[in-house]
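What you see is a predicted model; the values in this text were computed from it and never measured.
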Amino acid sequence: MQNITQALHEATQCFVNVTTTPLLDAEILLAHVLKGQRSYLYTYPDYSLSMTEQNNFAALIKKRVAGWPIAYLTGHREFWSLDLIVTPDTLIPRPETELLVELILKKLPDIPLLVADLGTGSGAIALALAHERPYWTIYATDISLEALAVAKANAARLQIKNIIFVFGKWCSALPKLRFDVIVSNPPYIAENDLHLQQGALPFEPSIALASGEDGLKDIQDIVYEARSYLKLGGYLLLEHGSTQAEYACSKFLNAGYTHVKSYKDFSGLNRVTTGIFSIECLS
């Protein structure tokens with residue numbers, strides 16, 4: 001039987017050519033199998049794994065070597081300090097998407113507001129906003145019933161109750177209300193982009209990644225649809241690819257939004273474009 005130290009060593013060797021963080025990946029997966037924290041692995045290094053634990057760990061190692069993302073193997077991903085359930089039916093939340101949450105919290109007052117999160121996936125953005133602003137009412141939409149089920153499960157686990165989950169595509173899923181904020185991390189990769197075959201992307205739902213021949217269709221659709229659902233002075237915030245800021249800004253301006261601006265993520269890449277719904281949007 002293997003002890004923890006031996007199991008970690010073996011897994012780390014398997015991951016050397018698979019990931020840039022072989023030891024960390026091994027620690028996360030073994031801690032998951034043992035249903036404990038990573039610190040447990042070093043507190044009890046001589047603990048002998050049961051045959052079931054060894055087999056479960058071996059199965060995870062095999063999947064990780066095949067390219068499966070850690071988040072799908074453990075079923076969890078942290079976003080905005082919230083522990084979220086994730087499945088292959090949902091996009092894996094990325095740290096750069098936290099920029100959307102940060103900007104909204106900076107721009108909007110802590111008073112009752114109406115917010116829409118389009119294409120919520122695991123619910124990451126909606127849940128982060130709802131957690132920080134319990135007096136906001138947030139509509140979270142998705143075209144995938146499976147993704148909505150995951151988002152609802154996350155809300156229940158976190159005991160967050162100020163979110164209304166709605167099935168449907170983009171703004172068409174929303175009730176005929178005027179929102180203070182509409183936010184989305186839509187698909188923005190071209191359908192034939194080779195990046196879709198790299199890293200974790202082949203394992204994630206293509207419906208949440210690819211958007212037409214140039215990756216820009218959904219951004220354009222949301223920019224124009226949102227005009228019928230925003231209050232005057234309301235904000236639209238969209239995440240996009242690092243090379244798409246100029247396109248996004250032009251669409252916002254052509255649609256009549258004012259105070260259009262792009263923001264850089266923690267890597268210094270243009271990641272989010274924002275605009276304010278104005279009288280010009282109505283003309």
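- Within the 4.5 Å cutoff, no side-chain heavy atoms of Asn162 are placed close to those of Thr137.
- Each of Ile143 and Val86 belongs to its own hydrophobic cluster when Ile, Leu, Val, Met, Phe, Trp and Tyr are linked at side-chain heavy-atom distances under 4.5 angstrom.
- Side-chain atoms of Tyr47 and Gln2 include no donor-acceptor pair closer than 3.5 Å.
- Atom OH of Tyr44 has 12 or fewer heavy atoms from other residues, nucleotides or ligands within 6.0 Å.
- Considering all non-hydrogen atoms of both residues, Ser144 and Phe167 come closest at N-CE1, 4.3 Å.
- The side chain to side chain donor-acceptor pair (under 3.5 Å) test applied to Tyr235 returns no partner, not counting sequence neighbours.
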Is there a side-chain contact (heavy atoms from CB on, under 4.5 Å) between Ile4 and Tyr40? Walk through the geometry before answering.
CA-CA 10 Å; Ile4 284 177; Tyr40 177 89; 3.9 Å; yes
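- Hydrophobic clustering places Val18 together with Ile28 (ILVMFWY residues linked when any side-chain heavy atoms are closer than 4.5 Å, directly or through intermediates).
- Applying the side chain to side chain donor-acceptor pair (under 3.5 Å) rule to Trp136 yields no partners; only residues at least two apart in sequence or on another chain are considered.
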Report the C-alpha distance between Tyr139 and Phe179 in whole Å, list the side-chain angles of each, state the deciding distance to 0.1 Å, and finish with yes or no for ring pair (Phe, Tyr, Trp, His ring centres under 6.0 Å).
CA-CA 10 Å; Tyr139 282 79; Phe179 291 79; 5.7 Å; yes
Please tabulate, one pair per line, all N/O donor-acceptor pairs under 3.5 Å involving side-chain atoms of residues 56-68, not counting sequence neighbours.
residue	atom	partner	partner atom	Å
Asn56	ND2	Thr52	O	3.4
Arg64	NE	Asp25	OD2	3.0
Arg64	NH1	Trp68	O	2.8
Arg64	NH2	Asp25	OD2	3.0

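- In the hydrophobic clustering of this structure, Ile85 does not group with Ile125; members are Ile, Leu, Val, Met, Phe, Trp, Tyr whose side-chain heavy atoms approach within less than 4.5 Å, directly or through other members.
- Side-chain contact annotation: Glu96 with Ser267, donor-acceptor N/O pair under 3.5 Å absent.
- For the pair Arg157 and Asp83, the salt-bridge criterion is met [side-chain N within less than 4.0 Å of a carboxylate O].
- Checking Gln37 against Ser39 by side-chain atom types alone, no donor-acceptor pair falls below 3.5 Å.
- Taking both residues in full, the closest heavy atoms of Gly121 and Thr90 are given as C-CG2, 4.1 Å, listed atom of the first, atom of the second, then distance.
- A donor-acceptor contact closer than 3.5 angstrom is absent between the side chains of Lys251 and Tyr224.
- Salt-bridge formation is not detected for the pair Glu132/Lys106: no Lys NZ or Arg NE/NH1/NH2 atom is positioned less than 4.0 Å from an Asp or Glu carboxylate oxygen.
- Tyr188 and Glu239 share a side-chain donor-acceptor pair at under 3.5 Å.
- Atom NE2 of His131 sits in a sparse spot, with 12 or fewer heavy atoms from other residues, nucleotides or ligands closer than 6.0 Å.
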